[in-house]
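Each chain gets a letter, A, B and so on, in the order the sequences are listed, and its residues count up from 1. Since the structure is predicted, the reported quantities are computational estimates derived from the model, not experimental observations. Quick note: numbers below take in every heavy atom, side chains included, and nothing from hydrogens, waters or symmetry partners.
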Protein chains: 2
Amino acid sequence: MSGPADTRTRILDVARELFATQGIESTTMRAIAAGVGTSAPAIYHHFADKDALLRELMVTDLRRLGASFARAMRVPDPVDRIREIGMTYVRFGLDHPQHYRVLFMTPNAKSAALEAEVARDLEATPEMDAYHLVVQAVTAAIEAGRFGPDYQDPERVAQICWGMAHGLVALDIVFAKQTWIEWRDPLISAERSIRAMLRGMQEGAPNR
Amino acid sequence: MSGPADTRTRILDVARELFATQGIESTTMRAIAAGVGTSAPAIYHHFADKDALLRELMVTDLRRLGASFARAMRVPDPVDRIREIGMTYVRFGLDHPQHYRVLFMTPNAKSAALEAEVARDLEATPEMDAYHLVVQAVTAAIEAGRFGPDYQDPERVAQICWGMAHGLVALDIVFAKQTWIEWRDPLISAERSIRAMLRGMQEGAPNR
DNA sequence: CGCCGAGGTTAACAGCGTTAAGCTGGAGCC
DNA sequence: GGCTCCAGCTTAACGCTGTTAACCTCGGCG
């Protein structure tokens, strides 16, 4: 026995490992059960269904992502803070590609259910809500007169920043290993692209 | 005539419709067959499997995407051309979200098979290879001294541009309908973000 | 005429997530 | 101690999926 531990937590451990290595949809409940050493239906005594299992893993990861922003939030200058949040986000995506894929690259009804659950979670800990942290930083930058006239809507600017970070991570996950493209280190690309974007948005600003 | 047409092309038509409306994995072969008016196994007389069917649709769509760049390529200024390519790309993604998802948001072994097939295709028609069109435009801009010192690698700059466009489209597909976010019109966001990014990359350039 | 392959049929298979029904052992209570 | 009860597990099975096997049918052709 590599330690009985709680069956429930062992299910989570095995599932996380299999989801990350084999991918989510090709990981079967029976395979998870085999890894835990039980039968497949036993899992349903601990989780409603495969989605609930996945959801629990994702919430954990989202929390970890949120927690990792703590350092970035201490950057005083709002524009610098936006960059630091972006880089933290990119690092998270590159470090946990499989979970990133489920969290941010998979559209479906279930993700609505997830979002509902997460939304409830985040209400309790607003300092972990990545998107709204960006909105806050952007708002601060705008109020400080750091952005140009076309970049005065915090929501839109936040979405643009998120888009930039997400785009590079997502492309890395899908295409990095493809042979027809000479894929560059996404961390460096991310740093430069965020910098370029922020510079471009600062053009024409009152307090550049 | 909604007439008989070719069974093969009718399969393609029905599949495209169902894939786009119901989503790909929740569209069953039996449903496609029902739409065509045959039995499911009949499909296998025309396509090796569901992937082959999907692949054929994707190749068609990629061709259409490639063709839509023709207009953008006539823009003389290389920096303006990059922006126009980007906007064309974004419009394509927003117009065909389901196919975009399969083409650019789905990592798996099959997509490697697809890419191999597409690569062969594109060798014959290089003017349709979206990525290399961007690389060309970027190279032209760099040679004209339009970009700053950190933006002299055409591959990296092309990947940054692609990332920006892809990010907004991908976020739109996954999160636009979510309630916890006030999602802005992605076309406008795309125009402004590409503009900001290009401006930022031009900073410190010899021929700004 | 004979045949033969393209294009279709129905039946079936293995694998999936999931559910139903039943067993078991230990905690809680009188 | 004896009783109940239920969490936690079992095996069997269901309905669905993509896919295959085996068979039919019919038009074109030497």
Side-chain angles (χ1 to χ4, degrees), chain A residues 1-58 98 101-102 106-114 117, chain B residues 1-58 98 101-102 106 108-114:
Chain A
M1 56 199 66
S2 65
D6 204 348
T7 302
R8 184 188 153 88
T9 65
R10 297 192 59 209
I11 292 173
L12 284 170
D13 289 346
V14 172
R16 159 167 272 117
E17 169 70 14
L18 290 180
F19 284 165
T21 56
Q22 321 286 342
I24 280 105
E25 42 277 328
S26 56
T27 297
T28 70
M29 296 298 265
R30 287 165 176 88
I32 297 172
V36 176
T38 67
S39 62
I43 300 179
Y44 291 84
H45 278 273
H46 302 277
F47 302 93
D49 52 20
K50 194 182 182 182
D51 264 357
L53 175 51
L54 180 59
R55 204 152 53 222
E56 181 140 340
L57 288 174
M58 293 200 292
Q98 288 291 341
R101 214 187 109 215
V102 182
T106 308
N108 50 24
K110 317 160 199 168
S111 107
L114 165 72
E117 174 165 333
Chain B
M1 58 198 79
S2 68
D6 204 346
T7 303
R8 184 188 154 90
T9 65
R10 296 193 60 208
I11 292 173
L12 284 171
D13 288 346
V14 173
R16 155 168 275 115
E17 171 69 13
L18 289 181
F19 284 164
T21 55
Q22 321 285 343
I24 281 107
E25 42 276 327
S26 55
T27 297
T28 69
M29 297 298 266
R30 287 167 175 85
I32 298 172
V36 176
T38 66
S39 61
I43 299 178
Y44 291 84
H45 277 275
H46 302 278
F47 302 93
D49 51 21
K50 194 182 182 182
D51 264 358
L53 175 51
L54 180 59
R55 204 152 52 226
E56 180 140 341
L57 288 175
M58 293 200 291
Q98 288 292 342
R101 213 186 110 216
V102 182
T106 308
N108 51 22
K110 317 160 198 164
S111 106
L114 164 71

Does A:Arg8 pair with A:Glu56 as a salt bridge, N-O distance under 4.0 Å? yes
Using a distance-only criterion (donor-acceptor N/O pair, under 3.5 Å, no hydrogens), is the base of C:dG17 paired with the side chain of A:Arg30? yes
Can you give me the closest heavy-atom contact between A:Lys50 and A:Thr27, atom names plus distance? NZ-O, 2.8 Å
When rounded to the nearest 0.5 angstrom, what is the spacing between CE in B:Met29 and CD1 in B:Ile43? 4.5 Å
Tell me: CZ of A:Arg8 to P of D:dC9, nearest whole Å? 12 Å
Between P on C:dG17 and NZ on A:Lys50, what's the gap in Å once rounded to a whole number? 5 Å
Nearest-Å distance for atom pair CD1/P, residues A:Ile43 and C:dG17: 9 Å
Would B:Glu25 and B:Arg101 count as a salt bridge (charged side-chain N to carboxylate O under 4.0 Å, His left out) if you check the C-alpha gap in whole Å, the side-chain angles of each, and the deciding distance to 0.1 Å? CA-CA 12 Å; B:Glu25 42 276 327; B:Arg101 213 186 110 216; 2.8 Å; yes
Which part of the nucleic acid, if any, lies within contact of B:Ser26, taking any heavy atom under 4.0 Å across all strands shown: a base, the sugar-phosphate backbone alone, or nothing? nothing
Round to a whole Å and report the spacing from OH of A:Tyr44 to C1' of C:dC16. 9 Å
Which heavy-atom pair separates A:Val102 from A:Leu54 by the least distance, and what is that distance? CG1-CD2, 3.7 Å
So which protein nitrogen or oxygen atoms get under 3.5 Å of nucleotides 6-10 of chain C's nitrogens or oxygens?
from, atom 1, to, atom 2, distance (Å)
C:dG8, OP1, B:Thr7, OG1, 3.0
C:dG8, OP2, B:His46, NE2, 2.8
C:dG8, N7, B:His45, NE2, 2.6
C:dG8, O6, B:His45, NE2, 3.3
C:dT9, OP2, B:Ser39, N, 2.9
C:dT9, OP2, B:Ser39, OG, 2.5

Atom pair CG (B:Asp6) and CD1 (B:Ile11), whose distance is rounded to the nearest 0.5 Å: 8.5 Å
What heavy-atom pair brings A:Ala33 and A:Ser39 nearest, and what distance separates the two atoms? CB-C, 3.5 Å
For the pair made of CE in B:Met29 and P in D:dT17, what is the distance, rounded to whole Å? 12 Å
Heavy-atom closest pair, residues A:Ser26 and A:Gln22: OG-O, 2.6 Å
Rounded distance in Å - CG (A:Asp51) to P (C:dC16): 17 Å
What is the distance, to the nearest angstrom, from the CG atom on A:Leu54 to the C1' atom on C:dC16? 16 Å
So which of residues 11-25 of chain B are in contact with DNA chain D, with a heavy-atom cut-off of under 4.0 Å? none
In short, A:Asp49 meets A:Tyr44 closest at the heavy-atom pair CA-CE2, 3.9 Å
